[in-house]
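Following: one structure in structure tokens, then a few remarks.
Chain A is the first sequence line, chain B the second, and so forth, proteins listed ahead of strands; every chain is numbered from 1. Predicted model only: the values in this text are computed from it and were never measured.
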2 protein chains.
Amino acid sequence: MDATPRWLTSEQQAAWDSFIRMQEKLIGRLSRRVQADSGMSASDYLVLAKLTETSGGRMRFMDLAKLVEWEKSRMSHQVRRMTERGLVDKEECPDDGRGAFIVATPAGVKAIEDAAPVHVEHVRRLFIDALSQEELDMLARISDRVLAHLERQAD
Amino acid sequence: MDATPRWLTSEQQAAWDSFIRMQEKLIGRLSRRVQADSGMSASDYLVLAKLTETSGGRMRFMDLAKLVEWEKSRMSHQVRRMTERGLVDKEECPDDGRGAFIVATPAGVKAIEDAAPVHVEHVRRLFIDALSQEELDMLARISDRVLAHLERQAD
DNA sequence: CTAGTGTAGCTGATGCATCAACTAACCGGT
DNA sequence: ACCGGTTAGTTGATGCATCAGCTACACTAG
């Protein structure tokens with residue numbers, strides 16, 4: 001218990017508020033758009049994108065989870081839902097009796113091929129078009145600094 | 001249908017990827033922290049913060065919804081859950097038979113007073129400490145530009 | 001070989017976000 | 001007075017994220 005918490009300066013507070021507001025509005029709008037246009041959530045999109053980027057369109061469950069930095073539980077639920085909708089399949093792993101391969105189905109491949117250009121257009125329209133290349137570079141640099149900072153800390 | 005989608009340049013793609021990764025990791029970690037420390041979600045925190053900033057700690061339902069830029073449905077569910085946990089109360093509105101006031105309960109006030117310093121510390125530790133004041137200013141400027149851009153567009 | 005430990009992945013419960021559809025009260029014009 | 005449109009707020013369904021706890025297989029040491 002600290003009796004005298006160190007509040008943020010008004011500049012710090014302003015930066016945080018702007019960032020939070022921007023991020024919420026941007027992500028919210030983008031994900032609603034993608035969902036409305038393609039019937040896929042951002043999570044569906046991400047999983048299918050990573051899967052189809054891989055040669056063979058198949059990946060071990062945990063490799064996929066690590067790649068997108070998700071907990072195994074989240075991935076498990078996600079894969080189950082996507083399996084139910086026919087976007088991916090699970091296959092047994094011959095080398096490891098516990099293991100599973102996740103494979104994009106033809107329908108899954110088609111879904112992401114259809115969704116990708118639309119997704120890119122939204123990203124461009126909502127975000128890229130708002131900023132100059134210098135600003136984009138700045139933002140990338142700042143984001144990388146924050147990321148590095150986060151990764152240095154114990155979770 | 002555009003047969004030749006305009007993909008992003010590699011610099012644009014890099015900026016977007018960095019931003020998305022940063023934002024997910026930062027928001028995810030912060031919200032898990034706040035939840036673990038105070039038993040409140042970011043939404044609970046926001047609602048209580050806005051309510052208690054108001055003189056009287058009470059606000060009309062839709063005013064509150066507009067203030068935090070939420071849909072009424074989201075607010076309605078949120079208020080119901082918070083009512084069930086004793087953080088806020090609903091009161092009838094004398095001027096408008098449809099209307100409701102949302103009021104922070106004493107428990108709600110205490111909850112946010114306890115949570116606020118912890119919340120600030122996390123924001124500082126996870127985010128503010130990663131960046132210089134110049135970088136914070138940059139980020140605020142960039143965020144405001146994106147926000148303005150979003151607000152110019154039809155939803 | 002077997003006992004212990006780590007790893008792969010699943011499950012159920014809970015809370016949150018969005019959508020569509022709904023009720024009820026208000027308000028302005030005729 | 002009443003009728004139609006608007007506003008206030010609720011509700012139920014569905015999908016997603018997190019947490020805690022679970023099974024089953026694999027690996028390693030003794």
Side chains of [X] and [Y] in contact at under 4.5 Å (non-hydrogen atoms):
X	Y	answer
E69(A)	E24(B)	no
R74(A)	S43(A)	yes
D114(B)	V118(B)	no
K25(A)	E151(B)	yes

### Message
Between K110(B) and E113(B), does the salt bridge (Lys or Arg N to Asp or Glu O under 4.0 Å) criterion hold? Intermediate values first, please.
### Response
CA-CA 5 Å; K110(B) 175 162 191 338; E113(B) 282 172 353; over 6 Å; no
#### Entry: Whole-Å gap separating P (dG9(D)) and CG (L64(B))
10 Å
### Apart from V47(B) itself, residues in the same hydrophobic cluster as defined by side-chain heavy atoms under 4.5 Å
M40(B), Y45(B), L46(B), L48(B), L51(B), M59(B), F61(B), M62(B), L64(B), L67(B), V68(B), W70(B), M75(B), V79(B), M82(B), L87(B), V88(B), I102(B), I112(B)
Once side chain to side chain donor-acceptor pair (under 3.5 Å) is applied, do any residues pair with [X], and if so which ones, sequence neighbours excluded?
X	answer
D37(B)	H122(B)
D17(A)	Q13(A)
R81(B)	Q78(B)

### Query
Does anyone know the first and last nucleotide of DNA chain C in reach of chain A, 5' to 3', at under 4.0 angstrom to a heavy atom?
dG6(C) to dC19(C)
### Query
Given the rule that I, L, V, M, F, W and Y join up when any side-chain heavy atoms are under 4.5 Å apart, are L131(A) and L126(A) in one cluster?
yes
### Query
Can you name the nearest heavy-atom pair linking R85(B) to G39(B), along with the distance?
NH1-O, 4.1 Å
### Task
Of all the heavy-atom pairs spanning R6(A) and V120(B), show the shortest one and how long it is.
O-CG1, 3.5 Å
### Task
With sequence neighbours left out, write down each residue that passes ring pair (Phe, Tyr, Trp, His ring centres under 6.0 Å) with F127(B), or none if nothing qualifies.
W16(A), F19(A)
## Note on the structure
With sequence neighbours left out, the residues meeting side-chain contact (heavy atoms from CB on, under 4.5 Å) with R60(A) are D63(A), C93(A), D96(A), F101(A)
### Message
Over all strands shown, is D44(B) touching base, sugar-phosphate only, or nothing at heavy-atom distances under 4.0 angstrom?
### Response
sugar-phosphate
## Note on the structure
Contact check, residues 91-103 of chain A vs DNA chain D, heavy-atom distance under 4.0 Å, returns D96(A), G97(A), R98(A)
### Message
At a heavy-atom distance below 4.0 Å, what parts of residues 46-58 of chain A sit against DNA chain D?
### Response
none
### Query
Looking at residues 68-83 of chain A, who's got a heavy atom less than 4.0 Å off DNA chain C?
K72(A), S73(A), S76(A), H77(A)
With a 3.5 Å cut-off and sequence neighbours excluded, list the donor-acceptor pairs that the side chains of residues 137-149 of chain A form with protein atoms.
residue: D137(A); atom: OD1; partner: Q133(A); partner atom: NE2; Å: 2.9
residue: S143(A); atom: OG; partner: L139(A); partner atom: O; Å: 2.8
residue: D144(A); atom: OD1; partner: S18(B); partner atom: OG; Å: 2.8
residue: R145(A); atom: NE; partner: E135(B); partner atom: OE1; Å: 3.2
residue: R145(A); atom: NE; partner: E135(B); partner atom: OE2; Å: 3.1
residue: H149(A); atom: NE2; partner: Q153(A); partner atom: NE2; Å: 3.0
residue: H149(A); atom: NE2; partner: R125(B); partner atom: O; Å: 2.7

### Message
What does the 5'-to-3' dot-bracket notation of DNA chain D look like when only Watson-Crick and G-U wobble pairs under 3.5 Å count, and pairs to other strands show as |?
### Response
||||||||||||||||||||||||||||||
